[in-house]
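Reviewing the structure listed below.
Letters A, B, ... mirror the listed sequences (proteins, then strands); counts begin at 1.
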Amino acid sequence: MSLLREGFPHIAEKSLQEEIAEHGRVYDYREGQVIMEYGSYIKKVPLIVSGLVKVMREDENGRELFLYYLEKGQTCAASFTCCMMHKRSYIKTIAEEDTVLIGIPIRYVDEWMVRYQSWKNFVMKTYDDRLLELIRTIDKIAFMKMDSRLLDYLENKAEVTGSSVVEVTHQQIADDINASREAVSRLLKQLERSGRIRLGRNRVELLEV
DNA sequence: ACATTAAGTGATT
DNA sequence: AATCACTTAATGT
């Protein structure tokens with residue numbers, strides 16, 4: 001209950017809060033744990049209470065592509081449609097940090113849409129956010145060059161982890177932005193030379209420009 | 001000290 | 001910009 005209020009201040013109706021408390025179940029994930037695999041059926045919609053969840057997609061050749069992060073107070077837009085239509089998951093989610101979430105059985109997700117204004121808004125907003133981000137991502141892939149994608153990735157990661165020091169290997173970055181490790185290394189070197197970041201092993205520190 | 005893993009480099013396509 | 005082949009550097013055992 002207190003978990004709810006902390007992460008989801010917009011879910012206002014008292015009775016809705018009570019229903020969430022009643023039907024939802026709290027799940028704990030340790031860093032690195034896979035929350036949802038490709039192809040699995042989803043029976044709960046996750047409300048992220050704390051931590052950070054990485055959402056990935058897999059292409060035909062089995063290559064993984066990083067899509068976006070889910071933070072506290074968010075939920076997975078894909079899970080709504082997925083479970084309502086009883087489709088298999090086309091995404092995979094991993095706990096990037098230790099994560100706590102409340103799982104809501106789908107039937108309530110549906111029911112509450114008509115009964116609770118704030119729930120409906122929440123669901124709509126989730127879609128809206130995702131759609132906007134998707135459009136931005138398309139823009140990025142279409143128009144942005146690798147170097148700005150890289151910087152964008154780092155800034156996003158820094159923001160989402162709340163630290164200017166990002167702990168990743170060049171290989172991980174490369175996987176996430178779909179580039180080769182060497183390319184990432186070279187671009188990072190450039191950024192370091194231009195004074196925008198400082199590099200270390202498993203470490204990229206973003207400097208104020 | 002040695003093995004392993006991450007990072008850097010040059011050449012090739 | 002990807003891939004390869006290789007070197008160098010950092011880190012764990």
Side-chain angles (χ1 to χ4, degrees), chain A residues 27-40 46 48-72 74 76-78 82 88-101 129-209:
Chain A
Y27 295 84
D28 254 288
Y29 292 94
R30 304 265 291 289
E31 180 178 337
Q33 231 182 319
V34 173
I35 299 175
M36 198 91 64
E37 254 302 347
Y38 303 112
S40 56
I48 315 296
V49 172
S50 68
L52 188 61
V53 176
K54 186 181 198 175
V55 182
M56 327 270 293
R57 181 181 124 61
E58 190 179 45
D59 71 14
E60 316 80 54
N61 310 318
R63 309 224 311 181
E64 288 192 324
L65 176 63
F66 160 74
L67 287 180
Y68 50 80
Y69 287 114
L70 290 176
E71 295 177 75
K72 169 163 93 168
Q74 299 187 324
C76 178
C82 250
R88 287 159 177 275
S89 172
Y90 46 88
I91 57 164
K92 171 181 174 183
T93 53
I94 296 183
E96 176 95 349
E97 294 171 0
D98 291 354
T99 294
V100 179
L101 60 85
D129 286 351
R130 242 1 107 198
L131 189 60
L132 277 175
E133 183 169 317
L134 216 56
I135 290 167
R136 285 217 319 276
T137 304
I138 292 170
D139 280 356
K140 248 187 273 178
I141 295 170
F143 307 118
M144 278 171 68
K145 294 193 218 113
M146 271 284 301
D147 56 346
S148 38
R149 275 177 65 196
L150 174 62
L151 204 55
D152 203 67
Y153 170 83
L154 291 171
E155 280 165 0
N156 180 241
K157 186 135 181 152
E159 192 189 318
V160 108
T161 57
S163 157
S164 65
V165 177
V166 178
E167 298 212 340
V168 276
T169 66
H170 297 183
Q171 185 63 65
Q172 284 168 258
I173 299 172
D175 291 343
D176 284 346
I177 65 175
N178 251 19
S180 68
R181 196 216 87 224
E182 294 92 323
V184 170
S185 289
R186 286 172 175 134
L187 289 169
L188 285 171
K189 261 282 161 253
Q190 275 186 22
L191 287 172
E192 186 179 41
R193 272 194 284 271
S194 69
R196 304 171 78 162
I197 60 172
R198 188 177 301 150
L199 292 172
R201 193 184 168 91
N202 292 326
R203 224 181 75 103
V204 178
E205 183 182 353
L206 273 73
L207 304 172
E208 293 306 320
V209 186

Legend entry - Under 3.5 Å: donor-acceptor pair, side chain of A:T93, backbone of A:M36: yes

Inset, instruction - Could you state the atom-to-atom distance from CZ of A:R203 to P of C:dA10 in whole Å? - result: 14 Å

Legend entry - Protein-nucleotide distance (A:I173, atom CD1; B:dT5, atom P), rounded to Å: 19 Å

Inset, instruction - For atom CD of A:E159, decide whether the heavy atoms of other residues, nucleotides or ligands shown that lie under 6.0 angstrom number more than 12. - result: no

Inset, instruction - Measure from CD on A:Q190 to C1' on B:dT9 and round the result to the nearest Å. - result: 14 Å

Inset, instruction - Drop me the distance from A:S164's OG to A:L154's CG, to the nearest 0.5 angstrom. - result: 11.5 Å

Inset, instruction - Please figure out whether A:R186 or A:Q171 has its closest DNA chain B nucleotide nearer the 5' end. - result: A:Q171

Inset, instruction - Measure from CZ on A:R193 to C1' on B:dA7 and round the result to the nearest Å. - result: 13 Å

Inset, instruction - Side chain of A:T169 only, please: which of B:dG8, B:dG10, B:dA7 is the nearest? - result: B:dA7

Legend entry - A:R201 (side chain) and B:dT5 (base): donor-acceptor pair under 3.5 Å: yes

Legend entry - Selected nucleotide, minimal atom distance to A:M146 side chain, candidates B:dT9, B:dA6, C:dA1: C:dA1

Inset, instruction - Report the nucleotide, chosen from C:dC4, B:dA7, C:dA2, that has the shortest atom-to-atom distance to any side-chain atom of A:H170. - result: B:dA7

Legend entry - N/O (side chain, A:K189) to phosphate O (OP1/OP2, B:dA7) under 4.0 Å: no

Inset, instruction - May I ask you to decide if A:K157's main-chain N or O and A:T161's side chain share a donor-acceptor pair within less than 3.5 Å? - result: yes

Legend entry - Candidates C:dT3, B:dA6, B:dG8 - which lies nearest the side chain of A:N202: B:dA6

Legend entry - Atom-pair distance (CG on A:L199; P on B:dG8), nearest Å: 6 Å

Inset, instruction - Would you mind telling me which residue lines up with the more 5' stretch of DNA chain C, A:R181 or A:L187, judged by nearest nucleotide? - result: A:L187

Inset, instruction - Report which part of the nucleic acid A:S180 touches: base, sugar-phosphate, or nothing (heavy-atom distance under 4.0 Å, all strands). - result: base

